[in-house]
Amino acid sequence: MDIPPLAEVRRLTEKKRDAWWTVLLVDPVATPLVRVVARWPRITPNGITWGALFLGLGAAVCFWFADWKWLLLGAGLYHLSFILDCMDGKLARLTGRGSEFGGWLDYVFDRIRVLACAIALMGGQYNKTGDIAFVWLALAVVFLDMLRYIDALQIFKVRHSMRKKIKTRAKAFRRAQEDQYGEQSGDNEAGLAFMEDLLRENPTADLDNGDETAADAEAKRSADGVQPELDADGQPIRKKEVIDLHVEFKGRFPWYGRFRTFLLRHRIRTHLISGIEFQMAVFIIGPLLGAVMPVTIVAGALLMVFELAIIYKLLLSTKDFERTLAKYPVPEQPEQPVIPAQPDGSPSESAATAESATAARQ
């Protein structure tokens, strides 16, 4: 295949938001390497995933010996393993050879690597010092790593569910409006946009627009004498209504938007201590500094702080979700009267009998 220039490879393979460790210490190496290995079709994303696992297991072997030279070598191998772990996804995006099985393989191998390195690193330190605290640290590292990924998956499901319910409610509301006023609005979901999606394209989207709604913007354009945009049929194009499920959070922490924008302009996500940084602290920084226990404890504490912050942000987001649903009241359908059936006749026969009796009384 024709390999595009490095700038184009970066655009195609690097995530728009990523962990700061990946952005600063991995992508500058991984992206040029992906451009090189893409020239050989025999090198597949799954093959690179296997290579990352083997390097990770090699790091675990080095950690077990617990000597400072072996710790340095283990830290280096772990970083190389993580570089390969990033390269498999980049190669898949660049060549289009990604697969669902490859995503599963990458996830499972990551967990195996963390488990093996945690047992080896803390086990080696226990053999060297006899301090039982290293055994508990091994359990804590594995637990926190799994907790982080399980929590991320559940939060994703909750956010996806909220967005789906908002779309469903907005669609029902617009249909009710059409039935009541006879207006045809076209696609019932075309008028919705979520701020999270807009921020991926423009990190300052919410700062530029503030709390201005689509209706406010349309009224402002009309007051300024700006003609609305027309579609192919000459009908005005309805601007999308932006749904922001983080209004409550940003209202309580007004500095957050500027801080997030600064980071996103450098492709760094605001979750500064995630599972990636936690792993790098335990398996690279700790061994390099010869301070495995204190670095692990500090990294674990910071990881929990950021996880709790994300949970708190989700809690506030549910309040925005409830307020958003309230903006789309769906009128209740009037209940149809039900005429009970008589024991000796059908409902229709009973109705006819009742009409005859009424007429006779009159």
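By convention here, the first residue in the shown sequence is residue 1.
- Using cut-offs of 30° and 60° on the angle between ring planes, the pair F109 and W50 is perpendicular.
- Taking CG from L245 and NZ from K319, the interatomic distance works out to 14.5 Å, rounded to the nearest 0.5 Å.
- Hydrophobic clustering (side-chain heavy atoms under 4.5 Å, transitive across Ile, Leu, Val, Met, Phe, Trp, Tyr) keeps F54 apart from F283.
- The pair D27-K90 meets the salt-bridge criterion, with a side-chain N (NZ, NE, NH1 or NH2) lying under 4.0 Å from an Asp/Glu carboxylate O.
- Counting only N and O atoms by type, the side chains of E14 and T31 include a donor and acceptor under 3.5 Å apart.
- Inter-residue side-chain proximity for M162 and L325 is flagged as unmet; no heavy-atom pair is nearer than 4.5 Å.
- In summary, the side chains of Q279 and D145 do present a donor paired with an acceptor at a separation below 3.5 Å, with no hydrogens or angles considered.
- Put simply, F278 and I112 are part of two different groups of oily side chains (I, L, V, M, F, W, Y) that touch within less than 4.5 Å, one to the next.
- Looking at I310 and H271, their side chains come closer than 4.5 Å, going by heavy atoms from C-beta outward.
- Taken to the nearest 0.5 Å, the CZ atom of F321 stands 12.5 Å off from the CZ atom of R163.
- The cluster map of Ile, Leu, Val, Met, Phe, Trp and Tyr, joined by side-chain heavy atoms under 4.5 Å apart, puts V141 and L139 in the same cluster.
- Going from atom OG1 of T129 over to atom CZ of F134 covers 4.5 Å, rounded to the nearest 0.5 Å.
- Side-chain contact between T22 and C86: present, with at least one pair of heavy atoms (C-beta onward) separated by less than 4.5 Å.
- No continuous path of ILVMFWY side-chain contacts below 4.5 Å connects L53 to I83, so the two sit in separate hydrophobic clusters.
- Residues H79 and V26 share a closest heavy-atom pair of CE1-CG2, 4.0 Å.
- Ring geometry, F249 versus F253: the interplanar angle falls from 30° to 60°, so the pair is classed tilted.
- Expressed to the nearest 0.5 Å, how far CD of E277 lies from CD1 of I285 amounts to 9.5 Å.
- A side-chain donor-acceptor contact under 3.5 Å links K313 and Y256.
- Side chain of D320 to main chain of V247: a donor-acceptor pair is present (N/O by atom type, distance under 3.5 Å, no hydrogens or angles).
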### Task
Start with the C-alpha distance between E307 and R148, add both sets of side-chain angles, then the distance that settles side-chain contact (heavy atoms from CB on, under 4.5 Å), and finish with yes or no.
CA-CA 7 Å; E307 289 304 304; R148 162 63 191 138; 3.0 Å; yes
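- Formation of a donor-acceptor pair under 3.5 Å by the T13 side chain with backbone atoms of V9 is found in this model.
- With rounding to the nearest 0.5 Å, the separation of CG in L80 from CG in L77 is 6.0 Å.
- The 12-atom threshold is not exceeded at CZ of F143, counting heavy atoms of other residues, nucleotides or ligands nearer than 6.0 Å.
- Taking the six-membered ring for Trp, F101 and W104 have ring centres closer than 6.0 Å.
- What you find for L94 and P4 is that their closest heavy atoms are CD1-CG, 4.2 Å.
- Scanning all heavy atoms of the two residues, the minimum distance from N46 to S99 falls at ND2-OG, 4.4 Å.
- The existence of a salt bridge linking E8 and R35 is excluded, since no basic side-chain nitrogen approaches an acidic carboxylate oxygen closer than 4.0 Å.
- The heavy-atom pair separating G251 from P254 by the smallest distance is O-CD, 4.0 Å.
- Using a 4.5 Å cut-off on side-chain heavy atoms (C-beta onward), I155 and D151 make contact.
- Here the side chains of D131 and Q125 are not in contact, with every heavy-atom distance at 4.5 Å or above.
- With R97 contributing its side chain and P41 its backbone, the two residues share a donor-acceptor pair below 3.5 Å.
- Contact annotation: the side chain of V282 never approaches that of V295 to less than 4.5 Å [non-hydrogen atoms, C-beta and beyond].
- A chain of hydrophobic side-chain contacts below 4.5 Å, direct or via other Ile, Leu, Val, Met, Phe, Trp or Tyr residues, connects L55 to V61.
- The closest side-chain heavy-atom distance from L314 to R159 is below 4.5 Å.
- Between K250 and W255, the closest side-chain pair of non-hydrogen atoms is not below 4.5 Å.
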### Task
Please test R111 against Y149 for side-chain contact (heavy atoms from CB on, under 4.5 Å), starting from the C-alpha separation and ending with a verdict.
CA-CA 10 Å; R111 308 284 70 76; Y149 282 93; 3.1 Å; yes
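- With hydrogens and angles left out, the side-chain atoms of D88 and T49 include a donor and acceptor closer than 3.5 Å.
- Between F173 and Y328, the gap from one ring centroid to the other is short of 6.0 Å.
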### Task
Evaluate the criterion side-chain contact (heavy atoms from CB on, under 4.5 Å) for residue pair W21 and F82; output intermediate values, then yes/no.
CA-CA 11 Å; W21 185 281; F82 187 68; 4.2 Å; yes
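- R269 and S274 share a donor-acceptor pair across their side chains, judged by distance under 3.5 Å alone.
- If you check the side chains of S81 and R113, you find a donor sitting under 3.5 Å from an acceptor.
- W20 contributes atom CH2, which lies 9.0 Å from atom CD1 of I268 (distance to the nearest 0.5 angstrom).
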### Query
Can you list the steps and then say if M87 with L33 is a side-chain contact (heavy atoms from CB on, under 4.5 Å)?
CA-CA 8 Å; M87 286 178 60; L33 285 178; 3.7 Å; yes
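- Nearest heavy-atom pair, A118 versus V142, reported as atom, atom and distance to 0.1 Å: CB-CG2, 4.0 Å.
- In this structure, F262 places its CZ atom where only 12 or fewer heavy-atom neighbours from other residues, nucleotides or ligands lie under 6.0 Å away.
- In plain terms, the two heavy atoms of F63 and P287 that are nearest each other are CE2-CG, 4.0 Å.
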